[in-house]
Amino acid sequence: MRLSRYFLPVLKEDPKEAQIVSHRLMLRAGMIKQQTAGIYSWLPLGYKVLDRIQQIVHQEQQRAGHIPLLMPTLQPADLWRESGRYDDYGEEMLRIKDRHKRDLLYGPTNEEMITDIFRSHVSSYKDLPLTLYHIQWKFRDEIRPRFGVMRGREFLMKDGYNFDLTKEDALHAYNRHLVSYLRSYERMGLQAIPMRADGGPIGGDYTHEFLVLAETGESEVFYDSEITDLTFGDREIDYDSVEQCQAVLEEFTSRYARTDETHDQAIFDKVPEDRRRTARGIEVGQIFYFGTKYSEPMGATVVGPDGARVPVHMGSHGIGVSRLLGAIIEANHDEKGIIWPEGVTPFHVGIVNLKQGDPSTDSACEALYRELKAKGLDPLYDDRDERAGAKFATMDLIGLPWRITVGPRGLANNKVELTNRRSGESEEIAPQDAVARLDEIYRPVLAAAKL
RNA sequence: CGGGGCGUAGCGCAGCCUGGUAGCGCGACGGUUUUGGGUACCGUAGGCCGGAGGUUCGAAUCCUCUCGCCCCGACCA
């Protein structure tokens, strides 16, 4: 993309309403525009990152064998009356009447609807196991939306639902989700720690929240420092293998890691003192096994091998897709702006032409732009007639991980500058070597995107 | 919902107390200048001062009502 033809309304000054760094940077980098409290337009740069995150989530869910579909944002109230949640949900649910005075609601989640779909079409154990998911906008009428996309009222969420014949099968689905989430967050450049969560009235040990450590997190967390040494890495996993998935669960959940909701000081005290950590975290996902809570009242049953009709065991599993933008920025920024991890960056590399209009720099930039695209990379070429300082400031703000600086001085020796946004380190290399380096750097990212 | 604050040019703000032709910085646009980290100067455009009502010869300013937004708290992917 040529910046002169793009739509990137960056702000030089901090918008006064933005209190935390991710919100401030998203506004300044021209990623979002607030339309009303807790509701945002996604401007091109923000939309591009949102899209990259969605792609990762889609790929990892499908890799785990989960099936995508799409349910509507508006739902009939009757489904929620069946589960009993229409009255329970309270003010957070946005209720709407259509012209026929029928009660609708803007979905805050989709357990009822997915259960309805399931019961309409599935009646045999032979169709199980089944996990369906979608990525769709949700609405929860928060008392006080804040922190930009971190606590919006309208938000994009991936929510998946597993249907299994037995509790054991459903727990395998739970484990599959845990593994796929670990992979997803790592591809986004995030460390998200599974922490024992509060199951609410349903209770049980079968729910974990995924927390990204950040000073501005809304939850207080307590953990054994050994857990932050764990990475999933590029290990191969067979999602059908109960043993393998169970092993990952045990590996990642055996150490102490809890939010303030479930924190137990007596157990925490057994962690060696030098490994005890207290911090703050942002919740970016949750997995939950809830058995027959919805299948029973809503009649989602299958006929088992013994001929008996039984309610299916279910769980729901969510990733806060739009919130992840905020979480990633909270965890990856400096005083100059955002620093995107390579897995989610809106553009792979920025090209800065220091002397726009100069035939040699212009043609060198054009050549770089062409060659990077030929490698399957997505460059942003700042071809505006701006001074060097303004171009650097924009690049730093929007946070592309790599920058190629092209000026007459270096070009005289057939050199451009390749700069890493995070470390600030630069090296002077030939243009073709810069292309080769970037191709190499992004090869794993592009390869991971292939199923 | 309780407490606090703010709505004036695209953005950030002053003016309000003490009523009298609406200002500053940044940005935009046109020039000149400059060219490796937001250059300097000259010029131009852009506002029913959130909305409604009231007081007054006269309201951004005073009064009443209303809408919206932000911050703190209780609640939440």
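Order of the sequence lines fixes the chain letters, A, B, ..., with proteins taken first and strands second; residue numbering starts at 1 for each chain. None of these values were measured; they are calculated from a predicted model.
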Thinking salt bridges, do A:Glu330 and A:Arg323 make one under a 4.0 Å N-O criterion?
no
So what does A:Gly30 hit on the nucleic acid, given a heavy-atom distance under 4.0 Å: a base, only sugar-phosphate, or nothing?
nothing
My understanding is that a pair needs two contacts under 3.5 Å, Watson-Crick or G-U wobble. By that rule, which nucleotide pairs with B:C49?
none
Of the residues in residues 64-82 of chain A, which ones touch RNA chain B at a heavy-atom distance under 4.0 Å?
none
Parallel under 30°, tilted from 30 to 60°, perpendicular over 60°: which one fits the rings of A:His263 and A:Phe268?
perpendicular
Using a cut-off of strictly less than 4.0 Å, decide whether A:Lys12 has a side-chain nitrogen or oxygen near OP1 or OP2 of B:C26.
no
Can you tell me how the ring of A:Phe347 sits relative to the ring of A:Tyr6, calling it parallel under 30°, perpendicular over 60° and tilted otherwise?
perpendicular
Its contact letters, B for base, S for sugar-phosphate only and - for none at protein heavy atoms under 4.0 Å, make nucleotides 66-72 of chain B read ---SSBB
Taking N and O atoms by type only, does the side chain of A:Glu417 place a donor or acceptor under 3.5 Å from a partner on the base of B:G36?
yes
In whole Å, I'd like the distance from the CD atom of A:Glu92 to the C1' atom of B:C1.
14 Å
Hey, is A:Asp264 close enough to A:Arg196 for a salt bridge, meaning N to O under 4.0 Å?
no
Take the protein atom NZ of A:Lys33 and the nucleotide atom P of B:G10, then report the distance between them rounded to whole Å.
11 Å
Under the 6.0 Å and 45° cation-pi test, does A:Arg85 pair with A:Tyr294?
no
Results of side chain to side chain contact (heavy atoms under 4.5 Å, CB included) for A:Ser322 - residues two or more places apart only
A:Trp42, A:Leu50, A:Phe155, A:Leu156
With both distances kept under 3.5 Å, what pairs with B:G7, Watson-Crick or G-U wobble?
B:C67
Please state whether the rings of A:His208 and A:Tyr174 are parallel, tilted or perpendicular, taking 30° and 60° as the class boundaries.
tilted
Side-chain ion pair, A:Glu60 and A:Lys158, N-O less than 4.0 Å
no
Examine B:U39: is either OP1 or OP2 under 4.0 Å from a nitrogen or oxygen in the side chain of A:Arg387? Give yes or no.
yes
Mapping A:Ile143 and A:Ala388 onto RNA chain B by nearest heavy atom, which one lands closer to the 5' end?
A:Ala388
May I ask you to say what A:Leu11 touches in the nucleic acid, namely base, sugar-phosphate or nothing, with a heavy-atom cut-off under 4.0 Å?
nothing
Should the pair A:Phe210 and A:Tyr185 be assigned to parallel (<30°), tilted (30 to 60°) or perpendicular (>60°) ring geometry?
tilted
Which part of the nucleic acid, if any, lies within contact of A:Gly407, taking any heavy atom under 4.0 Å across all strands shown: a base, the sugar-phosphate backbone alone, or nothing?
base
Please give the nucleotide sitting opposite B:A28 as a Watson-Crick or G-U wobble pair, both distances under 3.5 Å, or none.
B:U44
For B:A74, which nucleotide is its Watson-Crick or G-U wobble mate, given both distances must be under 3.5 Å?
none
Is the base of B:G27 touched by the side chain of A:Glu13 through a donor-acceptor pair closer than 3.5 angstrom?
no
Heavy atoms under 4.0 Å, any strand shown: does A:Asp14 hit a base, just sugar-phosphate, or nothing?
sugar-phosphate
Would A:Arg277 and A:Tyr223 count as a cation-pi pair here, with the cationic atom under 6.0 angstrom from the ring centre and within 45° of the axis?
no
Is B:C62 paired to anything, Watson-Crick or G-U wobble with both distances less than 3.5 Å, and if yes, which nucleotide?
B:G54
Out of B:G36, B:A77, B:G37, which has the shortest distance to the side chain of A:Lys336?
B:G37
Within this structure, what is the OH-to-C1' distance between A:Tyr161 and B:A77, rounded to whole angstrom?
11 Å
Could you work out which one of B:G37, B:G38, B:A77 sits closest to the side chain of A:Phe392?
B:G37
Is it true that A:Asp51 and A:Lys48 make a salt bridge, defined as a side-chain N closer than 4.0 Å to a carboxylate O?
no
For B:C16, which nucleotide is its Watson-Crick or G-U wobble mate, given both distances must be under 3.5 Å?
none
B:U34 -> Watson-Crick or G-U wobble partner, both distances under 3.5 Å, gives none
Give the nucleotide from the list B:G36, B:A77, B:C75 with an atom nearest to the side chain of A:Gln286.
B:A77
